[in-house]
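To find a chain, count down the sequence lines: A is the first, B the second, and so on, and within it residues start at 1.
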Amino acid sequence: EDKVVQSPLSLVVHEGDTVTLNCSYEVTNFRSLLWYKQEKKAPTFLFMLTSSGIEKKSGRLSSILDKKELFSILNITATQTGDSAIYLCASNSGYALNFGKGTSLLVTP
Amino acid sequence: DVKVTQSSRYLVKRTGEKVFLECVQDMDHENMFWYRQDPGLGLRLIYFSYDVKMKEKGDIPEGYSVSREKKERFSLILESASTNQTSMYLCASSWNRVYEQYFGPGTRLTVT
């Protein structure tokens, strides 16, 4: 059975800190790994990763995939209170997305 | 921009009622999905559809059915609502199975 595990489950940091969120996966027929941000509404798409070692970057957020060790990380530098959200990781085997339970990030002023 | 809309943001129904949740996307996407999201359990796939009139069961299809008569519209049906179906329901669409999914705003359903 496909499995996606995120860690930590929750995290509290101060504004300006850098955070690293982890996602490990066990997926048959792996196609891609996706990251979403969810505030008090629907998840919004951040990144899709298909190749090992190639960093995807958007502003202060970046992500990388390691297909050998079966994990991905999401980095957020110089955090702001607006980064407070649940971050979801999902694997795609070409069937449907399989989501982890998410990491709840709280950035305090 | 992709737009996925859902018919209601909040819905309250009684046990035993038939409930329809509607989802519409405007990007001509082939695939559409229904998830439910519960605290501690994350997002779980109920049903998905990869073409008009086609449907496949997800991980938790029991108690639900779906309908896709037009490409842009995907409906989730609770034949006889029960209290354990109280949840946030999220619809999503994607161009095909390997591309990212885009989510609607969600419907928070309460069954009393």
Colleague: Counting only heavy atoms closer than 4.5 Å, note whether A:Leu34 contacts chain B via side chain, backbone, both or neither.
Modeller: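 The side chain, not the backbone.
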Colleague: Would you mind checking which part of A:Leu88 comes under 4.5 Å of any heavy atom in chain B, side chain (CB onward), backbone (N, CA, C, O), both or neither?
Modeller: side chain
Colleague: Check whether B:Tyr35 gets within reach of chain A through its side chain, its backbone, both or neither, counting any heavy atom under 4.5 Å.
Modeller: side chain
Colleague: So what's closer than 4.5 Å to chain A heavy atoms on B:Glu56: side chain, backbone, both or neither?
Modeller: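 It is the side chain, since no backbone atom gets that close.
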Colleague: Taking all non-hydrogen atoms of both residues into account, name the closest pair between B:Ser80 and B:Gly16 and its distance.
Modeller: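 Scanning both residues, the minimum pair turns out to be OG-CA, 3.4 Å.
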Colleague: Kindly assign one of parallel, tilted or perpendicular to the pair A:Tyr36 and B:Phe103, based on the angle between their ring planes and the thresholds 30° and 60°.
Modeller: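 Taking B:Phe103 first and then A:Tyr36, their aromatic rings stand perpendicular (interplane angle over 60°).
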Colleague: In this structure, which one of B:Gln101, B:Met27, B:His29 forms a side-chain contact (heavy atoms from CB on, under 4.5 Å) with B:Trp95?
Modeller: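 The passing option is B:His29.
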Colleague: Counting heavy-atom pairs closer than 4.5 Å to chain A, which one of B:Cys91, B:Gly40, B:Ala92, B:Ser94 comes out on top?
Modeller: B:Gly40
Colleague: Checking heavy atoms, do the side chain of B:Leu43, its backbone, both or neither come under 4.5 Å from chain A?
Modeller: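 Contact with chain A involves both backbone and side-chain atoms of B:Leu43.
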Colleague: Restricting to non-hydrogen atoms, name the atom on B:Pro105 and the atom on B:Gln6 that form the minimum distance, rounded to 0.1 Å.
Modeller: N-OE1, 3.8 Å
Colleague: Using a strict 4.0 Å threshold on nitrogen-to-oxygen distance, state whether B:Arg68 and B:Asp51 make a salt bridge.
Modeller: no
Colleague: For residues A:Cys23 and A:Leu33, report the shortest heavy-atom separation together with the two atoms involved.
Modeller: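 It is SG-CD2, 4.1 Å.
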Colleague: If I measure from the heavy atoms of chain B, does A:Gln38 come under 4.5 Å with its side chain, its backbone, both, or neither?
Modeller: side chain
